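Remarks on the structure that follows.
The structure displayed is predicted, hence computed values, not measured ones.
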Amino acid sequence: MEPVRTCIGSRTRAPRSSLLRVIALEGRVVPDTAASLPGRGAWLTPSMPAFESAVKRRAFRRALRLDSEPDTSALREFLEARTTPPAEVVTQ
């Protein structure tokens with residue numbers, strides 16, 4: 001039986017393997033793809049709608065117990081790169 005976690009963006013429960021763990025590192029929210037970095041973590045469905053919902057609800061600050069709103073740009077870039085299909089290579 002696999003551990004189940006709750007996504008901070010969509011508030012849905014899912015197996016740990018299908019979610020992305022994020023941590024706060026020096027005021028920035030960064031992805032923890034191996035789920036092994038030290039510190040308090042939160043779980044997020046790796047999709048832009050879940051990310052945007054978490055930002056709108058200020059869930060990162062609350063889940064990670066931070067004093068101020070964290071910078072989420074690194075996580076946004078990670079998710080955009082992961083969800084954007086690779087550009088086609090034109091060969092001549």
Side-chain angles (χ1 to χ4, degrees):
M1 186 149 170
E2 188 174 2
V4 175
R5 302 288 186 259
T6 302
C7 169
I8 63 171
S10 63
R11 303 296 301 157
T12 57
R13 293 170 50 93
R16 178 181 158 167
S17 62
S18 68
L19 298 176
L20 173 68
R21 182 174 186 256
V22 296
I23 64 162
L25 188 62
E26 299 175 2
R28 296 183 58 168
V29 177
V30 295
D32 179 9
T33 55
S36 63
L37 293 176
R40 175 170 290 280
W43 297 87
L44 180 71
T45 303
S47 68
M48 287 308 292
F51 169 79
E52 290 166 357
S53 175
V55 170
K56 182 179 178 182
R57 296 178 45 244
R58 299 181 180 172
F60 291 109
R61 178 180 177 186
R62 190 171 39 256
L64 299 172
R65 298 186 183 173
L66 301 172
D67 294 331
S68 61
E69 258 334 283
D71 176 18
T72 58
S73 60
L75 180 58
R76 177 182 293 278
E77 291 169 10
F78 175 83
L79 291 173
E80 286 174 347
R82 189 171 180 185
T83 58
T84 304
E88 289 186 30
V89 177
V90 178
T91 57
Q92 295 179 357

**Fill in**
So the side chain to side chain donor-acceptor pair (under 3.5 Å) pairs with at least one residue in residues 2-17 (sequence neighbours excluded) are Glu2-Ser17, Ser10-Thr12
**Prompt:** For the side-chain contact (heavy atoms from CB on, under 4.5 Å) test, which of Leu20, Val30, Val55 pairs with Leu75?
**Reply:** Leu20
**Residues which pass salt bridge (Lys or Arg N to Asp or Glu O under 4.0 Å) with Arg28, listed by chain and number, not counting sequence neighbours** = Asp71
**Asked** Just by modelled atom types, is the Leu37 backbone N or O under 3.5 Å from a matching donor or acceptor in the Asp32 side chain?
**Response** yes
**Nearest heavy atoms of Phe60 and Leu66, plus distance in Å** = O-CD1, 4.4 Å
Identify each donor-acceptor pair in which a side-chain atom of residues 38-50 lies under 3.5 Å from a protein atom, sequence neighbours left out, and give them as a table.
residue	atom	partner	partner atom	Å
Ser47	OG	Ala50	N	3.4

**Asked** Any side chain to side chain donor-acceptor pair (under 3.5 Å) pairs touching residues 56-68, not counting sequence neighbours?
**Response** none
**Prompt:** About how many Å separate CD1 of Ile8 and CG of Leu64, when rounded to the nearest 0.5 Å?
**Reply:** 6.0 Å
